[in-house]
2 protein chains.
Amino acid sequence: MTEAIANLSRKEQVIRKAAELFREKGYAAASMRDLAQLLGIEAASLYSHIKSKEEILRSLCFDMAAEFRKSLEEVEKQNVSSSEKLRRGIIGHIQVMAKDLTASAVFMNEHRHLSQPYLRDFLLLRINYINRFKTIIEEGVKNGEFKSTIDKKLAVMTLFSSLNWMPMWYDPSGGIIEPVELGVQLADMLVNGLKQTPK
Amino acid sequence: MTEAIANLSRKEQVIRKAAELFREKGYAAASMRDLAQLLGIEAASLYSHIKSKEEILRSLCFDMAAEFRKSLEEVEKQNVSSSEKLRRGIIGHIQVMAKDLTASAVFMNEHRHLSQPYLRDFLLLRINYINRFKTIIEEGVKNGEFKSTIDKKLAVMTLFSSLNWMPMWYDPSGGIIEPVELGVQLADMLVNGLKQTPK
DNA sequence: CCTACCGATCGGTAGG
DNA sequence: CCTACCGATCGGTAGG
């Protein structure tokens with residue numbers, strides 16, 4: 001029992017360190033020997049905790065995907081205007097990222113190194129998530145909250161781009177702005193860009 | 001003479017194919033043998049056209065950087081409002097990207113695989129470019145065109161994120177929207193998010 | 001542009 | 001978690 005717990009914890013240490021390494025060097029350029037060295041063990045020893053290099057990537061990508069999904073589902077239930085729903089969706093996304101910026105960066109940049117059928121599954125999860133944001137935008141256009149002139153695909157991809165690049169430049173230790181405040185400001189900026197301008 | 005021209009042309013073919021390969025698999029995961037196969041030659045033969053794998057990456061990254069710089073310099077000269085300047089800067093950036101979406105994707109995603117001192121030089125070019133956009137935003141805040149409440153770093157990084165992810169999802173053959181129209185709409189959406197809301 | 005080849009490094013296994 | 005090791009593949013060179 002104690003052994004199982006210790007193994008689990010050690011496995012998580014391996015995955016966490018791997019996330020840092022994958023983020024810094026990229027999945028393909030990061031070697032298992034690099035990872036072992038960071039953990040102070042031999043490369044071969046890694047395999048008593050994980051099955052393969054890709055298993056680590058899978059666990060990082062799919063765990064993040066689950067967090068994003070959960071956050072959006074929470075927002076979808078709420079009975080608020082389209083712009084407020086979009087705002088909350090954005091803030092939720094930012095908060096999920098802020099909880100683990102390293103895993104978020106890996107999720108965003110390295111998922112393409114997943115092999116099939118995992119890659120396909122991952123991309124399906126992502127397109128589903130994006131489409132749910134798109135639905136919120138479409139509802140807002142229908143009920144007049146958002147401009148009807150905007151291309152909806154462009155709008156949702158722009159939204160996504162802004163969100164997903166955040167881990168690339170946001171440094172919470174930089175003392176610039178808090179995660180929650182970041183989410184609020186980002187949401188304001190992006191939602192305002194969509195809103196019907198009052199004439 | 002003819003030989004020199006032929007060599008140059010062949011070298012460009014190599015670089016172009018490499019860009020496609022780097023984009024698809026990532027720089028680190030793309031092998032020179034993959035590249036050779038795409039060109040129908042042996043891996044060793046590549047080295048009569050290029051000095052190294054990294055030379056290709058360098059040429060792709062720095063050529064794109066020069067294009068972006070040129071486009072922004074053009075806009076900076078113009079005597080227009082801050083929001084119009086920002087709008088034109090965005091449209092210019094999109095147009096540069098649209099001219100070579102493949103190289104743009106490599107520029108964005110693979111530059112980190114440059115070795116020193118090239119990486120440092122590249123990052124300096126990029127921060128300079130970003131700062132010039134930031135200056136435009138700061139001017140707009142000063143003269144009252146843009147909200148004073150917005151965090152300027154957040155604003156410029158959000159702008160950048162939206163621009164730089166475009167090659168990841170935009171497919172001009174998809175018949176969705178033309179590059180110029182894309183630039184215009186993206187500019188509208190992003191600039192409107194910054195504008196002072198009339199009370 | 002090719003054949004032949006190099007040293008280095010890769011992810012991973014066997015067996016303890 | 002280690003030692004010892006495997007086959008595969010890497011970027012690149014020599015010499016033509």
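Computed over heavy atoms, backbone and side chain alike; hydrogens, waters and symmetry mates excluded. Protein chains get the first letters and strands the later ones, always in sequence-line order, with residue 1 at the start of each.
At a cut-off of 3.5 Å, with distance as the only test, no side-chain donor of B/Gln13 or B/Arg16 sits close to an acceptor on the other residue.
Put simply, CD on A/Glu42 is 19 Å from P on C/dG16, counting in whole angstrom units. Rounded to whole Å, the distance from CZ on A/Arg58 to P on C/dG11 is 15 Å. Distance CG (B/Leu35) to P (D/dC10): 12 Å, rounded to an integer number of Å. The interatomic distance linking B/Tyr47 (OH) with D/dC10 (C1') rounds to 9 Å, in whole Å. Rounded to a whole Å, the CG atom of B/Leu46 is 14 Å from the P atom of C/dT3. Straight-line distance from the CD1 atom of A/Ile56 to the P atom of C/dG11: 10 Å, rounded to whole Å. Taking atom CZ of B/Arg33 as the reference point, atom C1' of C/dT3 lies 13 Å away to the nearest angstrom. In this structure, the CG atom of A/Leu21 is 14 Å from the C1' atom of C/dG11, given to the nearest Å.
B/Tyr129 has its ring centre less than 6.0 Å from the ring centre of B/His93.
Proximity of A/Ser31 to the phosphate of C/dT9: no side-chain N or O atom is located under 4.0 Å from OP1 or OP2. Distances shorter than 4.0 Å separate some side-chain N or O of B/Arg10 from OP1 or OP2 on C/dC1. Checking the phosphate oxygens (OP1, OP2) of C/dC2, a side-chain nitrogen or oxygen of B/Ser45 falls inside 4.0 Å.
Between A/Glu110 and A/Arg23 there is no salt bridge, since no side-chain N of the basic residue sits under 4.0 Å from a carboxylate O of the acidic one. Using a cut-off of 4.0 Å between Lys/Arg side-chain N and Asp/Glu carboxylate O, A/Glu73 and A/Arg69 are scored as salt-bridged.
Of the candidates D/dT13, D/dA4, C/dC1, the closest approach to any side-chain atom of B/Ala44 belongs to D/dT13. Of the candidates D/dG12, D/dC1, C/dC1, the closest approach to any side-chain atom of A/His49 belongs to D/dC1. Among D/dT13, C/dC1, D/dG12, the nucleotide with an atom closest to any side-chain atom of B/Ser52 is D/dG12.
A cation-pi arrangement is present between A/Lys53 and A/Tyr27, with the terminal nitrogen or guanidinium carbon under 6.0 Å from the aromatic centre and inside a 45° cone about the axis.
If you check every strand for non-hydrogen atoms under 4.0 Å, B/Ala30 touches sugar and phosphate atoms only.
Pairing of C/dG11, defined by two Watson-Crick or G-U wobble distances under 3.5 Å, is identified with D/dC6.
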